[in-house]
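Here is the structure we will look at, set down as structure tokens.
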Protein chains: 2
Amino acid sequence: MPPKKPSRTAAKPVRPSALQAESLQQTRREHASETAEDYVEAIADLTASLGEARVVDLARRLGVTHVTVNRTLARLQQAGFVTARPYRGIFLTAEGRQLAAACQQRHTTVIAFLRSLGISEHAAEIDAEGIEHHVSPETLAAFERHLRREAR
Amino acid sequence: MPPKKPSRTAAKPVRPSALQAESLQQTRREHASETAEDYVEAIADLTASLGEARVVDLARRLGVTHVTVNRTLARLQQAGFVTARPYRGIFLTAEGRQLAAACQQRHTTVIAFLRSLGISEHAAEIDAEGIEHHVSPETLAAFERHLRREAR
DNA sequence: TACATCTTGTAGCTTAGGCTACATTTTGCC
DNA sequence: GGCAAAATGTAGCCTAAGCTACAAGATGTA
């Protein structure tokens with residue numbers, strides 16, 4: 001028989017206790033908001049360059065079909081980030097614009113930070129897209145600090 | 001009427017063209033493997049410290065219920081990363097051990113890198129959990145290079 | 001040995017995010 | 001004005017990953 005740990009009380013509502021469990025739960029929470037962040041950022045960009053964001057534009061931009069965009073927009077509307085009427089353009093609410101601005105700022109910082117480490121433009125773009133959603137304010141501040149130090 | 005972009009040909013099987021679309025698709029692919037990585041890493045740790053990994057241990061460790069662990073293990077078994085029999089311990093295959101080792105290595109590097117930027121232990125742990133899955137080999141190499149430079 | 005407890009397994013629900021296929025509305029243009 | 005094409009919307013399917021509730025196997029100890 002393999003070495004057996006002493007039995008532990010089960011604690012029905014499983015409380016994670018471990019730091020790793022906490023970290024993983026945080027990561028899962030972040031995943032839930034990633035979509036919203038990607039969409040508002042894309043909408044902000046498209047609005048800036050084209051005057052409004054359309055479903056097809058978003059689909060092309062995000063690499064999904066227009067159907068996926070549609071369903072996601074419904075949720076974002078419920079969440080109060082965007083306004084949209086059937087067959088019309090999509091616009092950000094004040095809250096949406098605020099979120100988009102923060103994301104764009106963070107995105108720029110992460111890219112600049114990766115580039116400062118000697119990472120190629122292409123890899124920096126790709127990695128930043130995955131990394132940025134998991135960068136805490138503390139870590140973002142550290143990135144900015146590092147960039148300022150580099151600039152000297 | 002808002003300024004209207006010139007209509008573009010639709011290209012039925014939407015090809016993403018844009019770099020951002022490519023990046024986002026890459027990020028989605030990474031999400032799909034994140035779970036596998038987290039599980040094999042946890043199983044490797046538990047096996048090292050307790051001799052075997054049990055469903056309850058994994059559940060506690062990952063911050064989910066044993067039901068979720070069970071279903072995920074079935075997929076990991078199909079994918080060839082773990083072996084398990086009903087009511088028995090869970091073990092990694094050779095492939096699983098290899099993946100776990102790579103993940104642990106990468107995890108350690110990311111943590112060390114964040115710490116070297118002056119980020120607190122706690123924030124580094126949490127951020128690393130989200131970031132590590134999106135770090136390309138090129139970026140990982142840059143992290144290691146930075147650490148070596150720091151060490152001088 | 002038997003029973004209570006812990007562990008594991010199963011059924012079935014939910015949400016999110018992909019998709020194809022098809023219907024409907026807008027719109028550019030002759 | 002009318003028509004074809006583009007854009008948008010809708011129905012319905014899939015997988016992944018969470019959950020609760022309940023069933024059944026394993027085990028330690030009285």
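If you're wondering where the values come from, they're calculated on a predicted model, not measured in any experiment. Atom set for the values below is all heavy atoms of this structure, side chains included, hydrogens, waters and symmetry mates excluded. Chain naming here is simple, since letters A, B, ... match the order of the sequence lines and numbering starts at 1 in each.
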Report task. Please report the shortest heavy-atom distance between B/Arg54 and B/Ile90, naming the atom on each side. Result ->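 Distance-wise, the nearest heavy atoms are C-CD1, 3.9 Å.
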
Roughly how many Å is it from [atom1] in [X] to [atom2] in [N], rounded to a whole number?
{"X": "B/Glu34", "N": "D/dG18", "atom1": "CD", "atom2": "P", "result": "11 Å"}
{"X": "B/Leu73", "N": "C/dT10", "atom1": "CG", "atom2": "C1'", "result": "15 Å"}
{"X": "A/Glu37", "N": "C/dA16", "atom1": "CD", "atom2": "C1'", "result": "16 Å"}
{"X": "B/Arg60", "N": "C/dT7", "atom1": "CZ", "atom2": "C1'", "result": "10 Å"}
{"X": "A/Arg71", "N": "C/dG18", "atom1": "CZ", "atom2": "C1'", "result": "7 Å"}
{"X": "B/Tyr39", "N": "D/dA16", "atom1": "OH", "atom2": "C1'", "result": "11 Å"}

Query raised in the report: Taking only residues two or more places apart in sequence, or in another chain, which ones meet A/Asn70 in a side chain to side chain contact (heavy atoms under 4.5 Å, CB included)?
Result: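 With sequence neighbours excluded, A/Asn70 shows a side chain to side chain contact (heavy atoms under 4.5 Å, CB included) to A/His66, given in chain and number order.
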
Query raised in the report: For nucleotides 20-26 of chain C, read 5' to 3', which letter fits each nucleotide if B means a protein heavy atom sits under 4.0 Å from the base, S means only the sugar-phosphate is that close, and - means neither?
Result: BB--BSS

Query - Residue list, salt bridge (Lys or Arg N to Asp or Glu O under 4.0 Å) with A/Glu34, at least two apart or on another chain - result: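 Once residues adjacent in sequence are excluded, A/Glu34 has no partner under the salt bridge (Lys or Arg N to Asp or Glu O under 4.0 Å) criterion.
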
Table please: side-chain donor-acceptor pairs of residues 142-151 of chain A below 3.5 Å, with sequence neighbours left out.
residue	atom	partner	partner atom	Å
A/Arg145	NH2	B/Leu117	O	2.9

Query - Any A/Thr68 side-chain N or O less than 4.0 Å from OP1/OP2 of C/dC19 - result: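 Affirmative; the distance criterion is met.
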
**Report entry** N/O (side chain, A/Asn70) to phosphate O (OP1/OP2, D/dG9) under 4.0 Å
**Finding:**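 Yes, A/Asn70 has a side-chain N/O under 4.0 Å of OP1/OP2 on D/dG9.
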
Requested in this report: Examine the base of D/dG18 for any acceptor or donor lying under 3.5 Å from a partner atom in the side chain of A/Arg28, and report the outcome as yes or no.
Outcome: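 Between D/dG18 and A/Arg28, which were checked side chain against base, a qualifying N/O pair under 3.5 Å is absent.
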
Could you give the side-chain donor-acceptor pairs of residues 118-128 of chain A under 3.5 Å, partners two or more places apart or in another chain?
residue	atom	partner	partner atom	Å
A/Ser120	OG	A/Ala123	N	3.2
A/Ser120	OG	B/Glu138	OE1	3.3
A/Ser120	OG	B/Glu138	OE2	3.2
A/His122	NE2	B/Glu22	OE2	3.3
A/Asp127	OD1	B/Ser136	OG	3.4
A/Asp127	OD2	B/Ser136	N	3.0
A/Asp127	OD2	B/Ser136	OG	2.7
A/Asp127	OD2	B/Thr139	OG1	2.5

Query - Any pair counted as side chain to side chain donor-acceptor pair (under 3.5 Å), so long as it reaches residues 81-101 of chain B, sequence neighbours left out - result: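 The answer is none; no pair qualifies.
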
